[in-house]
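I have placed the structure first, in the form of structure tokens, so that the comments after it can refer back to it.
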Amino acid sequence: MTARYARVVVDSRLPQLDRLFEYRIPPALEGVAPGVRVRVPLRGDRTAAGYVVEVADARAWEGEVADIEAVVSPVPVLRPEVWALARAVADRAAGGAADVLRVAIPGRQARVEKAWLARAAEGAAAEAAEPAATEGAELTETDASPEPDAPPESPAPLEPDDASAPLLPGLVEARRKVALECAGGVAEVPVAGGGTAWVGRWAVALAGLARQAVERGEQAILVVPDHREQRQLRLALEAAVGEERVVELDARQRNPERYAGFLRCVDGGGLAIIGPRSAVYAPAADLGLLVVWEDGDPLLAEPLSPWVHARDAALVRQGQTGCALVIAGHARSTDAERLVEVGFLEHERVGAHRVRVLPTALADDGRRVPAAAFHAAREALASRPVLVQVARPGHAPGLRCGDCGTRARCAACGGPLGQRTRGGQPGCRLCGRLAAAWRCPSCHGIRLVEVGRGSTRIAEELGRAIPGVPVVVADGEHERLTLDARPRIVVATRGAEPVADGGYGAVLLLDGDSLLAREGLRVAEEAVRQWATARALAAEGATVVLAGVIGPTVGALTGDTTVPFAKAELAERRSLRFPPAVRTASVVGHPDAVAEALEALAGIEHLDVLGPVPAEGAPGDRLERAIVRFAYADGAHVAGVARGRVLAAAARPRKPGAPPRLRIRLDDPEPFDGL
DNA sequence: AGCACGCCGACT
DNA sequence: GTCGGCGTGCTC
């Protein structure tokens, strides 16, 4: 009997281990097949978890080969397409594939898995009784134990719906790649148990696109920034394709639910898969459509190494599978606009939303609510709720000394002190510590005065100014997803706006000035995105008041498309050589390692280096930081060199527990945040 | 990361 | 004469 061999990706953060290792499959060990989780020995007496990527009859490694220690689970959780995706995404980001897999594959839940395997066995038995056409591009395994591939309980195929005229018909079939600007507005969709729910019209539009894929028996993956959008999209999808064809992959779900959803994707068939940024890696075998909603939202950037943005992962996956791709939002991001300008995406816009956007100056008395806003609010409150978008939660975002004017800071961490409630104990906005007996460090005064207005204070003021109307607050502390159509004032921080049945009668965008006052590359773009998101919640014909803002961002909101604004932003970034007109790499580490890395990168055309400058790190060791800017066309080259330098540097550090000698992060937005 | 192999100072 | 320092290299 000839031995068989498995090539395994080891779950390790070490760049040195970021390649496939070959192991012998002991003849007695069952269930080894591509995609399954295994435990393998590593030099010494260490063992590591990993995934089987390939199984082969011949060995490729000349040296000694160890045996696979155990099969952790026989479920093929790493599909070949997802492995290829993780590898390519990691390569593009100069990071490790295992780091990407950690995001792509949720933790195992033994009970959920057992149930899934039992159903899979049933399905296989049924199929054996009545042989059906075997699926194509399946795992390469030949003679393993009962293959859990068969869709156990796939819902009946979705019949084409001729009644409703679909948006962008044929988009999935033609495998189009589109940058989609969605007009605002809300729509009512039927809910499974009876009744209806109101969701953004964008969700209905995207659900219609997903339906195109599901009708073809393919999967659609729809990536959203967070659970608020996910809820709307889920409702719209359930109405469009049926509850049984919608899978949620949400980190907020309980682990078992999340894993069950993940395993349903493995089943295949016509499915709409929705989830946060990690859903872009969902195990879909016949991917027809990939959608990224609101791609400008910072939540779509993975905060873990190698810090891949869901939009970028989607672009890679589209390239590998050839599926249709939709990068959508209420406002066009500069990144999506770049893809339009280079001819990769087609521009599309769907829907129409008739609202009146009224830019106004701030009230003369320094209060946040201009007269025009009061007027619009009073008028709308006759029949509908009114949304007031503010910058900060709580009562007073800042405090200062009543005697000398010094800004009050936390004694422990130096963060700004604020007040959560009227008359409440001052507390640090950074570390949350309460400042019981505050004393001004410069004049020893003890009197504090409020600076600025948070959501609850604005709510109080509006409640007093417009008596008889209920006021509700929606912010991080008071989460509120929906609202009925009764007149009331809703004060919400950005991103926390509830969806009101039928839409808001008026939307007041306050604090725009403070939003734009911050310095940063993406400040204006992000402001426009957040305003457009709030504007989208307005009812047809509503008034939207944009208070205290001047400059090009106003035009982005008063016009009926944000594309010219995105174009202008992008043109400016291009002239400055700022992202996303160029790609960047931030190089941080030991001065020698940084110098070596920069030397290795020198000579690439159109590449320039900012720095190196001293950077802050652990006390004791010197750190330097440099920013490298380069053209998209050189991405693979730069990433390859960067990875090589990180690898070389990793072989060196000798201090235990010390940070890596060299860290290279591609497309790091942080250095440009303050520009 | 951990752990093994490999060449130079103070010990029984 | 040897025990052991941690500098370099490797992990199937």
Side-chain angles (χ1 to χ4, degrees), chain A residues 1-73 76 78 80 83-84 86-87 90-91 93-103 140-141 144 304-307 588-593 595-597 600 617-618 620-623 642-665:
Chain A
M1 166 158 196
T2 56
R4 312 190 73 229
Y5 299 89
R7 294 196 250 285
V8 173
V9 52
V10 171
D11 183 12
S12 163
R13 260 173 287 271
L14 298 176
Q16 303 94 307
L17 301 186
D18 180 28
R19 53 205 160 98
L20 297 183
F21 288 83
E22 193 162 80
Y23 290 90
R24 196 176 75 101
I25 304 172
L29 191 63
E30 285 189 29
V32 178
V36 307
R37 215 176 151 81
V38 290
R39 186 144 280 284
V40 292
L42 233 41
R43 190 155 93 180
D45 51 3
R46 288 177 302 160
T47 75
Y51 301 96
V52 174
V53 168
E54 301 179 290
V55 172
D57 290 321
R59 47 187 290 188
W61 174 253
E62 299 293 319
E64 260 181 63
V65 180
D67 283 359
I68 289 186
E69 201 170 283
V71 174
V72 175
S73 127
L78 177 58
W83 165 247
R87 185 65 273 166
D91 287 345
D99 286 340
V100 178
L101 292 182
R102 216 164 293 126
V103 172
T140 53
E141 176 65 334
L304 299 168
S305 169
W307 301 286
V588 187
H590 185 96
D592 294 346
E596 282 167 25
D621 35 51
R622 286 187 312 129
L623 273 186
R643 191 65 176 160
R645 292 323 305 168
V646 169
L647 210 83
R652 241 143 273 177
R654 289 303 87 186
K655 285 156 270 173
R661 219 174 117 86
L662 183 66
R663 244 198 49 218
I664 299 184
R665 177 169 165 187

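Note that the coordinates shown come from a computational prediction; the quantities given were computed from them, not determined experimentally. Residue numbers begin at 1 in each chain, while the letters A, B, ... track the order of the sequences.
- To the nearest angstrom, P of C/dT11 lies 13 Å from CG of A/Leu647.
- Look at CD on A/Glu22: it is 12 Å from P on C/dC12, rounded to the nearest Å.
- Atom-to-atom, CD1 of A/Ile68 to C1' of C/dC12 comes out at 11 Å; the value is rounded to the nearest Å.
- If you take CZ of A/Arg661 and P of C/dG9, they are 14 Å apart, rounded to a whole angstrom.
- Listed candidates were C/dC12, C/dT11, B/dC3. Nearest to the side chain of A/Trp61 is C/dC12.
- Base engagement by A/Leu14 is indicated by at least one non-hydrogen atom pair under 4.0 Å involving a base atom.
- The distance between atom CZ of A/Arg4 and atom P of C/dC12, rounded to the nearest whole Å, is 21 Å.
- You won't find any donor-acceptor pair under 3.5 Å spanning the side chain of A/Arg43 and the base of B/dA4, going by distance alone.
- Considering every non-hydrogen atom in both A/Arg87 and A/Gly95, the closest pair reads NH2-O, 3.9 Å.
- Within the 4.5 Å cutoff, no side-chain heavy atoms of A/Val32 are placed close to those of A/Tyr23.
- Heavy atoms only, all atoms of each residue included: A/Ala650 and A/Gln16 are closest at O-NE2, 3.6 Å.
- With rounding to whole Å, A/Gln16 atom CD is found 8 Å from B/dA1 atom P.
- Atom CZ of A/Arg46 and atom C1' of B/dA4 are 11 Å apart (whole Å).
- Counting heavy atoms from C-beta on, the side chains of A/Phe21 and A/Val40 never come closer than 4.5 Å.
- Whole-Å rounding puts the A/Asp67 CG to C/dC12 C1' distance at 11 Å.
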